[in-house]
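Let me begin by presenting the structure, written as structure tokens, before commenting on it.
The structure displayed is predicted, hence computed values, not measured ones. The figures that follow rest on heavy atoms only: side chains count, while hydrogens, waters and symmetry mates do not.
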Amino acid sequence: MADRPSSSTPTAAKPAVPAAKPAIPSLGGRKPNFRERVVDVLRAALIAGELRPGEVYSAPGLAPRLGVSVTPVREAMLELVKEGMVEIVPNKGFRVTAVSERQLDEYTQVRSLIEIPTTVALAATADPDDLKALRPVALEIVTSAVKGDLIGYVEADLAFHLGLLALAGNDHLVAVVRDLRRRSRLYGLTALVAAGRLKASAEEHVELLDALLARDEQAVHEVMTRHLGHVRGLWAARQPEHG
């Protein structure tokens with residue numbers, strides 16, 4: 001099973017990546033904080049379900065897909081071991097850990113308790129210029145959705161929401177939400193892309209900004225409630241628990 005997720009998983013439109021491989025973008029070249037970038041991409045691949053729970057992946061197998069050497073991939077996977085997203089399989093590689101439906105429900109509940117009221121409060125307190133600065137990120141989410149770039153979607157979505165929450169001025173709150181978002185899984189994104197429905201969800205980020213700029217607290221509450229509802233609805237590919 002090493003290095004090969006389900007053949008039903010679609011991939012980003014990159015000729016060098018076989019159709020059966022996860023849609024991980026090439027990172028070839030020298031960049032600042034390169035190891036951190038590899039960590040970010042692999043983490044997003046895990047959240048989006050491009051790397052599937054229970055599957056074992058090796059650094060030598062993943063490195064060519066990323067267009068990098070084995071060392072930064074191995075270091076990145078070891079970082080993800082610390083986060084509990086993968087576990088070491090001796091002499092084979094790293095197994096993607098599963099997250100239960102109950103855990104995902106609990107993560108989403110805590111996020112709702114934090115993110116909804118905090119974002120609503122920003123309708124009265126946030127500087128309009130700070131809100132406008134987030135529009136390019138919101139549009140990047142839409143662009144990624146249209147392209148079917150799930151990793152880009154997850155990364156831009158994280159940047160948008162953490163950037164928005166940062167306007168509340170509570171660094172600890174942002175750190176808690178960052179951790180909860182990293183623990184989440186959005187396995188339903190691939191089906192939404194295939195059905196052409198992810199763009200509508202992505203456009204909620206623009207809708208949210210417009211409501212914040214209009215100082216419309218009721219609209220902000222409605223958009224955020226609907227948006228977070230997707231985590232355990234449209235985006236979840238939810239299956240019932242057993243036992």
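Between the CG atom of L104 and the CD atom of Q109 there is a distance of 13.0 Å, given to the nearest 0.5 Å. Atom NE2 of H205 sits about 6.0 Å away from atom CZ of F160, to the nearest 0.5 Å. For the atom pair CG (D149) and CD1 (I141), the distance works out to 12.0 Å, reported to the nearest 0.5 Å. Note: L46 CG to S184 OG = 12.5 Å, rounded to the nearest 0.5 Å.
R183 and E106 are not joined by a salt bridge, as no carboxylate oxygen comes within less than 4.0 angstrom of a charged side-chain nitrogen.
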Please output the side-chain donor-acceptor pairs of residues 113-123 that fall under 3.5 Å, not counting sequence neighbours, one pair per line with the distance.
| from | atom 1 | to | atom 2 | distance (Å) |
| --- | --- | --- | --- | --- |
| E115 | OE1 | R181 | NH2 | 3.3 |
| E115 | OE2 | R111 | NE | 2.7 |
| E115 | OE2 | R111 | NH2 | 3.4 |
| T118 | OG1 | I114 | O | 2.6 |
| T119 | OG1 | E115 | O | 2.7 |

List, one per line, each side-chain donor-acceptor pair under 3.5 Å for residues 74-85, sequence neighbours excluded.
| from | atom 1 | to | atom 2 | distance (Å) |
| --- | --- | --- | --- | --- |
| E83 | OE1 | R43 | NE | 3.0 |
| E83 | OE2 | R43 | NH2 | 2.6 |

Side-chain donor-acceptor pairs of residues 164-174 under 3.5 Å, sequence neighbours excluded:
| from | atom 1 | to | atom 2 | distance (Å) |
| --- | --- | --- | --- | --- |
| N170 | OD1 | H172 | N | 3.1 |
| N170 | OD1 | L173 | N | 2.9 |

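Cluster annotation: V73 is connected to I88 through the hydrophobic network of ILVMFWY side chains, with a link wherever side-chain heavy atoms come within less than 4.5 Å.
Applying the salt bridge (Lys or Arg N to Asp or Glu O under 4.0 Å) test to D130 and every residue at least two apart in sequence or in another chain returns nothing. Not counting sequence neighbours, the partners of R226 by the salt bridge (Lys or Arg N to Asp or Glu O under 4.0 Å) test are E204, E207, E222. Every residue two or more places apart in sequence or in another chain that forms a side-chain contact (heavy atoms from CB on, under 4.5 Å) with V206 is listed here: R135, A138, L139, V142, D210.
Taking every heavy atom of both residues into account, P53 and A98 meet most closely at CB-CA, 4.0 Å. Nearest heavy atoms, E155 versus A44: CG-CB, 3.8 Å.
A heavy-atom distance below 4.5 Å is not found between the side chains of F94 and L62. Counting only heavy atoms from C-beta outward, the side chains of D157 and H227 approach each other to under 4.5 Å. Using a 4.5 Å heavy-atom threshold, the side chains of V177 and H161 count as separate. E217 has its side chain out of reach of H221: every pair of non-hydrogen atoms, C-beta onward, lies at least 4.5 Å apart.
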Checklist line | side chain to side chain contact (heavy atoms under 4.5 Å, CB included) evaluation trace for R52 with V96 | finding: CA-CA 6 Å; R52 302 295 295 183; V96 178; over 6 Å; no

